[in-house]
2 protein chains.
Amino acid sequence: MSDLLERLRGRGWRMTAQRRVVAEVLDGDHVHLTADEVHARAVERLPEISRATVYNTLGELVTLGEILEVSTDRRAKRYDPNAHRPHQHLVCAQCGAIRDVHPQGNPLADLPDTERFGFTIAAVEVTYRGTCPNCAAA
Amino acid sequence: MSDLLERLRGRGWRMTAQRRVVAEVLDGDHVHLTADEVHARAVERLPEISRATVYNTLGELVTLGEILEVSTDRRAKRYDPNAHRPHQHLVCAQCGAIRDVHPQGNPLADLPDTERFGFTIAAVEVTYRGTCPNCAAA
DNA sequence: GCTTGACTTAGACAATGTCCATTGTAGGAT
DNA sequence: ATCCTACAATGGACATTGTCTAAGTCAAGC
């Protein structure tokens, strides 16, 4: 994670306590927090941080490609720090749990030219929806 | 589309002017309207129809499996009347245009058991993102 | 043509996100 | 070490999308 702070500094980011806290909150694997969850955790460390700053910082990190925006449900966007390894998401329809997964195969190859309608395709998102073991047991 | 009205009547739906109008608005291929767009078009035909009714009716149609809810961006949900033929979506990152597409292959097969973490998988959503010919030309 | 329960309405409310004017401050310049 | 200044943070208003409720309305069966 200090890597991240170093990279950001290298890109000319002004390093503030707020940005550091947001970056720290977004550390780890299988982390998929909403903006408000990020804000809540950031407030624990830096009580006076504002919502607007969290939103701004998340937006900047997305633009820089350091984190990913994920919309697995219709509620809040979630932010995924695992931006440097391509992956897809497995979502529990009941509890909303999210796992990163790494499918084989290439969905791009499954879309023939005749189905591209002249589009230039830049990315493919795949979301697997189902029931997690916890919810299946209940 | 009158098929749809017949099916709904057969399921015990009380047939009202409002429901008929919503169903009519959602007719055709490659239709992906937001709830507010549906409301706007419904108002043209039935000026006193309320937003709540449009939301309720769309929700009921989704529950009945007659239309699909699609979240291609983080903005409003869209409603896709093409619910009876499986398909995926191709989305223009610039203008938001949406095309239904029919890829080959089976993304489910691409997820090995070791990557399922005990989940029971019910559905797979695939969204191709890129630039449409119009936006590429501009 | 009644009755009744399902349907519709308007508007308040909720959740999430954006914007803006003001205040604060990181980091280079002196 | 201190000062400057552009960039960042703040907080609160606002926007968008969606949900809920109480009261009124009406489709369809009798």
Side-chain angles (χ1 to χ4, degrees), chain A residues 5-25 32-64 66-80 96, chain B residues 5-25 32-64 66-80 96:
Chain A
L5 295 179
E6 280 314 308
R7 274 203 304 281
L8 295 174
R9 199 189 299 272
R11 298 212 213 191
W13 245 37
R14 181 184 289 185
M15 192 50 54
T16 67
Q18 290 84 350
R19 286 175 167 181
R20 188 164 21 245
V21 165
V22 169
E24 283 169 6
V25 166
H32 304 91
L33 298 171
T34 65
D36 264 1
E37 286 165 353
V38 172
H39 180 236
R41 298 194 186 193
V43 162
E44 290 171 11
R45 309 191 193 195
L46 191 66
E48 65 277 19
I49 192 172
S50 76
R51 270 182 358 113
T53 297
V54 171
Y55 276 96
N56 288 341
T57 305
L58 290 172
E60 288 158 8
L61 287 169
V62 170
T63 299
L64 293 175
E66 295 290 348
I67 63 176
L68 294 175
E69 227 173 52
V70 180
S71 301
T72 55
D73 56 18
R74 301 80 211 169
R75 314 265 305 169
K77 297 177 228 179
R78 294 178 174 276
Y79 294 90
D80 184 343
Chain B
L5 295 179
E6 281 314 309
R7 274 203 304 279
L8 295 174
R9 198 189 300 272
R11 299 213 211 192
W13 249 36
R14 181 184 287 185
M15 193 48 55
T16 66
Q18 290 83 350
R19 288 175 165 180
R20 188 163 23 245
V21 164
V22 169
E24 284 169 6
V25 165
H32 303 91
L33 299 172
T34 65
D36 264 1
E37 287 165 352
V38 172
H39 180 237
R41 298 194 187 193
V43 162
E44 291 172 10
R45 309 190 194 195
L46 191 67
E48 65 279 20
I49 192 172
S50 76
R51 269 182 357 115
T53 296
V54 171
Y55 276 96
N56 287 342
T57 305
L58 290 172
E60 288 159 6
L61 287 168
V62 169
T63 299
L64 292 176
E66 295 290 348
I67 63 177
L68 294 176
E69 228 174 50
V70 179
S71 302
T72 54
D73 56 19
R74 303 80 207 169
R75 314 263 308 166
K77 297 178 226 180
R78 295 178 173 274
Y79 293 91
D80 184 341

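So that the names make sense, note that chain A is the first sequence line, chain B the second, and so on, each numbered from 1. On a predicted model such as this, the values are computed, not experimentally measured, just so you know.
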In chain order, what residues pass the salt bridge (Lys or Arg N to Asp or Glu O under 4.0 Å) check against B:Arg20, with sequence neighbours excluded?
none
May I ask you to verify if any side-chain N or O of [X] is less than 4.0 angstrom from the OP1 or OP2 atom of [N]?
X       : N      : result
A:Arg75 : C:dT16 : yes
A:Gln18 : C:dG24 : no
B:Arg19 : C:dT8  : yes

Using side chain to side chain contact (heavy atoms under 4.5 Å, CB included), reason through B:Leu8 and B:Leu61 one step at a time and then give a plain yes or no.
CA-CA 9 Å; B:Leu8 295 174; B:Leu61 287 168; 4.0 Å; yes
Under the side chain to side chain contact (heavy atoms under 4.5 Å, CB included) rule, what do A:Tyr55 and A:Asp36 come out as? Steps first, then yes or no, please.
CA-CA 9 Å; A:Tyr55 276 96; A:Asp36 264 1; 4.0 Å; yes
Gap between atoms [atom1] and [atom2], on [X] and [N] respectively (whole Å):
X       : N      : atom1 : atom2 : answer
B:Arg51 : C:dA10 : CZ    : P     : 12 Å
B:Arg11 : C:dA6  : CZ    : C1'   : 18 Å
A:Asp36 : C:dT18 : CG    : P     : 12 Å
A:Leu58 : C:dT16 : CG    : C1'   : 13 Å
A:Leu8  : C:dA26 : CG    : C1'   : 15 Å
B:Tyr55 : C:dT9  : OH    : C1'   : 16 Å
B:Glu48 : C:dT8  : CD    : P     : 12 Å
B:Arg20 : C:dT8  : CZ    : C1'   : 15 Å

Classify the nucleic acid contact of A:Ala76 as base, sugar-phosphate or nothing, counting any heavy atom under 4.0 Å across all strands shown.
sugar-phosphate
Touch check for B:Thr53, heavy atoms < 4.0 angstrom, all strands: base, sugar-phosphate only, or nothing?
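It contacts base atoms.
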Dump the intermediate steps for side chain to side chain contact (heavy atoms under 4.5 Å, CB included) on A:Trp13 and A:Thr57, then the final yes or no.
CA-CA 11 Å; A:Trp13 245 37; A:Thr57 305; 3.8 Å; yes
B:Glu48 vs B:Leu46, side chain to side chain contact (heavy atoms under 4.5 Å, CB included): CA-CA, chis, key distance, verdict:
CA-CA 6 Å; B:Glu48 65 279 20; B:Leu46 191 67; 3.8 Å; yes
Under 3.5 Å, side chain of B:His39 to main-chain N/O of B:Ile49, donor-acceptor pair present?
yes
Taking any atom closer than 4.0 angstrom to a non-hydrogen atom of chain A, what span of DNA chain D does the protein reach, first nucleotide to last?
D:dA6 to D:dG11
On DNA chain D, compare the nucleotides closest to B:Lys77 and B:Arg9; which residue's is nearer the 5' end?
B:Lys77
Which comes earlier along DNA chain D counting from the 5' end, the contact point of B:Asn56 or that of B:Trp13, where each point is its nearest nucleotide?
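Nearest nucleotide further toward 5': that of B:Asn56.
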Between A:Glu60 and A:Arg11, does any side-chain N to carboxylate O distance fall below 4.0 Å?
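No, this pair does not count.
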